[in-house]
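Scroll down for the structure; my scribbles are underneath it.
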Amino acid sequence: MSKQQKTIEWILRIGVFGSYLGHGIFALGVKQGWIPLITAFGFSESAAVTMLPLIGIMDIIVAIIVLFCPIRFVLMWAILWAFATALARPIAGDPIWDFVERTPNWITPLALLASQGFPKKLKDMLTIR
């Protein structure tokens, strides 16, 4: 891998780390603005309050793994989770632009996965380039 490729990979790793760490900290603190995003899917408010810290822990774990050891499976999870949570905004009644604004949250791990090479076999999902 060239020096430029390594630099780009580290920029993407730090980008995913920052996004997931920040969201994880907000979720641990049970950010009130996120409760309607969960209740829009039929969960009660008390379930949302219980779920948010668990989501926060998961996001922080993803952040750390991607920064230090970007396993393809974790990157795939990061892409899907960020896409789903961005899509939750218009489903919960926010404008479509709230989804569009969050595109970097799922495009960044997608770009990192693309730079590593998409998995071709199931066992490739548990590897790093």
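The first residue in the sequence is number 1, and the count goes up from there.
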What about [X] and [Y], same hydrophobic cluster or not, with Ile/Leu/Val/Met/Phe/Trp/Tyr joined at side-chain heavy-atom distances under 4.5 Å?
X: Leu54; Y: Ile65; result: no
X: Ile57; Y: Leu80; result: no
X: Met1; Y: Trp10; result: no

Check: Closest heavy-atom contact between Arg13 and Cys69?
Finding: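 That would be NH2-N, 3.8 Å.
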The criterion is side chain to side chain donor-acceptor pair (under 3.5 Å); which residues satisfy it with [X], sequence neighbours excluded?
X: Ser2; result: Gln5
X: Ser44; result: Ser46
X: Gln116; result: none
X: Arg89; result: none

Residues in side-chain contact (heavy atoms from CB on, under 4.5 Å) with [X], at least two apart?
X: Ile8; answer: Gln4, Leu12
X: Lys120; answer: Asp124
X: Met58; answer: Trp77
X: Ile11; answer: Thr7

Notebook entry, point to check: Which pairs, with at least one residue in residues 62-73 and sequence neighbours excluded, count as a side chain to side chain donor-acceptor pair (under 3.5 Å)?
Noted result: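 Passing the test, one end in residues 62-73: Arg72-Thr127.
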Check: Between the main-chain N or O of Val16 and the side-chain N or O of Ser19, is there a donor-acceptor pair closer than 3.5 Å?
Finding: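 No.
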Check: Got a sec, which residues hit salt bridge (Lys or Arg N to Asp or Glu O under 4.0 Å) with Asp98, two or more places apart in sequence or on another chain?
Finding: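 In terms of salt bridge (Lys or Arg N to Asp or Glu O under 4.0 Å), with neighbours along the sequence ignored, Asp98 is linked to Arg102.
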Would you mind reporting whether [Y] and [X] have side-chain heavy atoms less than 4.5 Å apart?
X: Pro119; Y: Leu113; answer: yes
X: Phe17; Y: Ile60; answer: no
X: Thr85; Y: His23; answer: no

What side-chain donor-acceptor pairs closer than 3.5 Å can you find for residues 26-38, not counting sequence neighbours?
| unit_1 | atom_1 | unit_2 | atom_2 | d |
| --- | --- | --- | --- | --- |
| Gln32 | NE2 | Val30 | O | 3.1 |

Next item on the list: Report the residues that fulfil ring-ring contact (aromatic ring centres under 6.0 Å, His included) with Phe83, sequence neighbours left out, ordered by chain and then residue number.
Entry: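 Partners of Phe83 under the ring-ring contact (aromatic ring centres under 6.0 Å, His included) test: Phe99, Trp106.
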Item checked: Heavy atoms from other residues, nucleotides or ligands near CG of Leu122 exceed 12 (cutoff 6.0 Å) ->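 Count not over threshold, so no.
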